[in-house]
Amino acid sequence: MGTTTSPFKDQYHHSSSLAKKLLPYAIYVLLPIAVIRLYLYTPSLSLSSTDHLPHSTEITISTSSSSYSSSPSPLPPISSSQEEERAKETTPSCDYTRGKWVHEKLGPLYNGTTCGTIKEGQNCITHGRTDLGYLYWRWKPSKCQLPRFEPSTFLHLIKNKHIAFVGDSMARNQLESLLCMLATASPPNLVYTDGEENKFRRWNFPSHNANVSVYWSPFLVKGVEKSPNGPNYNKLYLDQVNERWAAELGGFDMVVLSVGHWFLHPAVYFEGDDVLGCHFCPGLNHTEIEFYDVLRKAVRTTLKTIIERRGNGSGIDVVLTTFSPAHFEGEWDKNGACSKTKPYKEGEKQLEGMDAEMRQLEVEEVEAARANGEKFVGFRLEALDVTKLSMMRPDGHPGPYMNKFPFADGVPERVQNDCVHWCLPGPIDTWNEILLEVMKKWNQGK
């Protein structure tokens, strides 16, 4: 019986032969395409675990356009739930606490003469600082791009709202940075001022009916500051917030808290009428208490009070800016200076000691308060974790230029330096760039 060849088998052999003939041509065509694609799209490499900060706070930064347009979209409308799911799928997670300072030719949005709200001691340019290289560095997170500050976007997000900066002089420093950047798009009007050294002020942006305020409260909780005519120590009541700002909490849509440096000063601590102890108070018969525990109690009381007063209402956005390291080379009161003119490179300076402790406890308290506030609709809380990126900028402080032209008559024997606050413009502008990204992320979730 003869063997019958299947037509399917003939077709297979014919196809196989044809494939073999075409294979070399396919390789010549596909190989360059693969090489080009590999060049244009290189996946991110994972960083080592040593690059993580303990209890770091991740902020999702959108890589899509952040501009706001009223023109109709050519795509069909999608529901808010679909939009959120799409954002989760397409938006990478970015931890802005990890990164490096990179040199950038494009300078700041403003300068010492174009902005009229800079505190004199931080206006380094008009005070004669000539090494202006500190203005040309940009924070680059490891896995994403941090967009330049967009004043119009920020104003859009606070339209018909009131944002308050509450805390110590770092809160004021951050506020004045924000005002300078916003003023490049819309000049503000000072509508309220009160207190010594204008510690309580409010500006209005008529273009957006937006208010931005500053409230001096260096402990956040109730405190009595030391004075030349009284005891040489502060009094802190750790179970009560400072009502000078808290009484107006109902009028805030967003509050930015900043605290830390004043807890290093001598102080006696109270809960109710009972003395808990003190810090650096020789001569008083009180138990010495580490200021870390005191700062933790103050932050906890503050966040708890905000949740209690605003959690069941219309909601509120809360941001806690973490501790900003000083850069004194030597003792601050013994000619300590900050003479460096460039940022630290990654790995050149470690976040450790007091700076790391202060930052960590603040982040921990934010995480705990966020968990407690999850049951309240409209309550949102974030740690603006700027400690490490600020630690890497020893060149950004006023130093001797806290005073006007300190070397005009030669080099004096003793020069006072400010190595705590930040020049405006300067590295602190980055804080507000990240703050805007937090607000944009929140707005996407609505």
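FYI, the numbering just counts along the sequence from 1.
With contacts defined as side-chain heavy-atom distances shorter than 4.5 Å, the pair Glu437/Leu435 does not qualify. In this structure the side chain of Leu155 reaches within 4.5 angstrom of the side chain of Phe205, judged on heavy atoms. The shortest distance between side-chain heavy atoms of Asn204 and Pro188 does not fall below 4.5 Å. In this structure, the side chains of Met181 and Asn432 come closer than 4.5 Å at one or more pairs of heavy atoms. You'll find the side chain of Val294 reaches within 4.5 Å of the side chain of Leu236, heavy atoms only. Looking at Lys161 and His208, their side chains never come closer than 4.5 Å, going by heavy atoms from C-beta outward. By the 4.5 Å heavy-atom criterion applied to side chains, Ile163 and Val256 are counted as neighbours. Residues Tyr269 and Ile289 are in side-chain contact: their nearest non-hydrogen atoms beyond the backbone lie under 4.5 Å apart.
Counting non-hydrogen atoms of neighbouring residues, nucleotides and ligands closer than 6.0 angstrom, the OH atom of Tyr292 exceeds 12 such neighbours. Open room surrounds NZ on Lys235; 12 or fewer heavy atoms of other groups in view lie less than 6.0 Å from it. The environment of Lys345 atom NZ is sparse: at most 12 non-hydrogen atoms of other residues, nucleotides or ligands sit within 6.0 angstrom.
A ring-ring contact (aromatic ring centres under 6.0 Å, His included) with Phe252 holds for exactly one of Phe165, Trp245, Tyr215; it is Tyr215. In summary, of the residues considered (Lys304, Arg296, Lys297), a side chain to side chain contact (heavy atoms under 4.5 Å, CB included) with Glu365 occurs for Arg296 alone. When Leu178, Leu175, Val191 are each tested for a side chain to side chain contact (heavy atoms under 4.5 Å, CB included) with Trp203, only one passes: Leu175.
The two residues Glu176 and Ile118 have their closest heavy-atom pair at OE1-C, 4.3 Å. Looking at every heavy atom in both residues, Pro325 comes nearest to Ser390 through CD-CB, 4.0 Å. In terms of heavy-atom proximity, Leu384 sits nearest to Trp431 at CD2-O, 3.7 Å. Counting all heavy atoms, side chain and backbone alike, Ser217 lies closest to Val166 at CB-CG1, 4.1 Å. Contact detail for Ile307 and Ala369: the closest heavy-atom pair is CD1-O, 3.5 Å. The shortest non-hydrogen separation linking Pro141 to Leu146 is CD-CB, 3.9 Å.
Judged purely by atom type and a 3.5 angstrom limit, Arg310 uses its side chain to pair as donor or acceptor with the backbone of Leu249. A donor-acceptor pair is defined here as one N or O able to donate and one able to accept, closer than 3.5 Å; no such pair exists between the side chain of Glu288 and the backbone of Gly277. For the pair His261 (side chain) and Ser324 (backbone), a donor-acceptor distance under 3.5 Å is present. Proximity of a side-chain donor or acceptor of Thr387 to a complementary backbone N or O of Phe323 within less than 3.5 Å is detected. Without hydrogens or angle criteria, Thr322 side chain to Val386 main chain gives a donor-acceptor distance under 3.5 Å. Asn209 contributes no side-chain N or O that, together with a main-chain N or O of Pro206, makes up a donor-acceptor pair within less than 3.5 Å. For the pair Asp395 (side chain) and Tyr134 (backbone), a donor-acceptor distance under 3.5 Å is absent. The backbone N or O of Gly112 sits less than 3.5 Å from a side-chain atom of Asn123, completing a donor-acceptor pair. Panel note: side chain Thr301, backbone Leu238; a donor-acceptor pair is recorded below 3.5 Å. Using modelled atom types, no side-chain atom of Asp273 and backbone atom of Glu271 make a donor-acceptor pair closer than 3.5 Å.
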Quiz item: Can you list the steps and then say if Trp422 with Ser177 is a side-chain contact (heavy atoms from CB on, under 4.5 Å)?
Solution: CA-CA 9 Å; Trp422 300 94; Ser177 161; over 6 Å; no
Quiz item: Does the side chain to side chain donor-acceptor pair (under 3.5 Å) test come out yes or no for Thr193 and Asn198, once each step is laid out?
Solution: CA-CA 6 Å; Thr193 181; Asn198 295 325; 2.7 Å; yes
Quiz item: When you look at Glu346 and Lys140, which way does the salt bridge (Lys or Arg N to Asp or Glu O under 4.0 Å) test go after all the steps?
Solution: CA-CA 12 Å; Glu346 180 66 26; Lys140 187 180 185 306; over 6 Å; no
Self-check item: Verdict with supporting geometry, Lys143 and Asp95, side-chain contact (heavy atoms from CB on, under 4.5 Å)
Solution: CA-CA 8 Å; Lys143 292 188 176 182; Asp95 181 1; over 6 Å; no
Quiz prompt | Full working for salt bridge (Lys or Arg N to Asp or Glu O under 4.0 Å) between Glu362 and Arg300 | solution = CA-CA 9 Å; Glu362 289 174 332; Arg300 185 174 298 175; over 6 Å; no
Quiz item: Stepwise, does the side-chain contact (heavy atoms from CB on, under 4.5 Å) test hold for Gln240 with Phe270?
Solution: CA-CA 10 Å; Gln240 305 174 53; Phe270 296 83; over 6 Å; no
Practice problem: Check step by step if salt bridge (Lys or Arg N to Asp or Glu O under 4.0 Å) holds for Glu382 and Arg370. | Solution: CA-CA 8 Å; Glu382 195 76 66; Arg370 186 193 292 120; 3.4 Å; yes
Practice problem: Apply ring-ring contact (aromatic ring centres under 6.0 Å, His included) to Phe263 and Phe291, showing your working. | Solution: CA-CA 6 Å; Phe263 285 80; Phe291 59 80; 8.3 Å; no
Practice problem: Check the pair Ile316 / Ile306 against side-chain contact (heavy atoms from CB on, under 4.5 Å), numbers first and verdict last. | Solution: CA-CA 9 Å; Ile316 188 172; Ile306 294 174; 4.1 Å; yes
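A salt bridge does not link Glu364 to Arg359: none of the charged nitrogens lies less than 4.0 Å from a carboxylate oxygen. Between Arg309 and Glu243 there is a salt bridge, since a side-chain N of the basic residue sits under 4.0 Å from a carboxylate O of the acidic one. At a threshold of 4.0 Å, the pair Arg380-Asp317 counts as salt-bridged, since one of the basic side-chain nitrogens sits closer than that to a carboxylate oxygen. A salt bridge links Arg138 and Glu433; the closest N-O separation between the charged side-chain nitrogens and carboxylate oxygens is under 4.0 Å.
The side chain to side chain donor-acceptor pair (under 3.5 Å) test applied to Tyr401 returns no partner, not counting sequence neighbours.
The aromatic rings of His327 and His397 sit tilted, their planes meeting at an angle between 30° and 60°. Ring planes of His103 and Trp137: perpendicular class, angle over 60° (limits at 30 and 60°).
Aromatic pair Phe149/Phe154: centroids less than 6.0 angstrom apart.
In summary, the side chains of Asn242 and Tyr237 do not present any donor paired with an acceptor at a separation below 3.5 Å, with no hydrogens or angles considered. Side-chain contact check for Ser258 and Gln174: no donor-acceptor pair (N or O, by modelled atom type) lies under 3.5 Å. No side-chain N or O of Arg98 forms a donor-acceptor pair with one of Ser142 less than 3.5 Å apart.
Among residue pairs with one or both ends in residues 221-233, those qualifying as side-chain hydrogen bond (donor to acceptor under 3.5 Å, both in side chains) are Trp216-Glu225; sequence neighbours excluded.
Atoms CH2 and CG, on Trp262 and Asp168 in that order, are 9.0 Å from each other to the nearest 0.5 Å.
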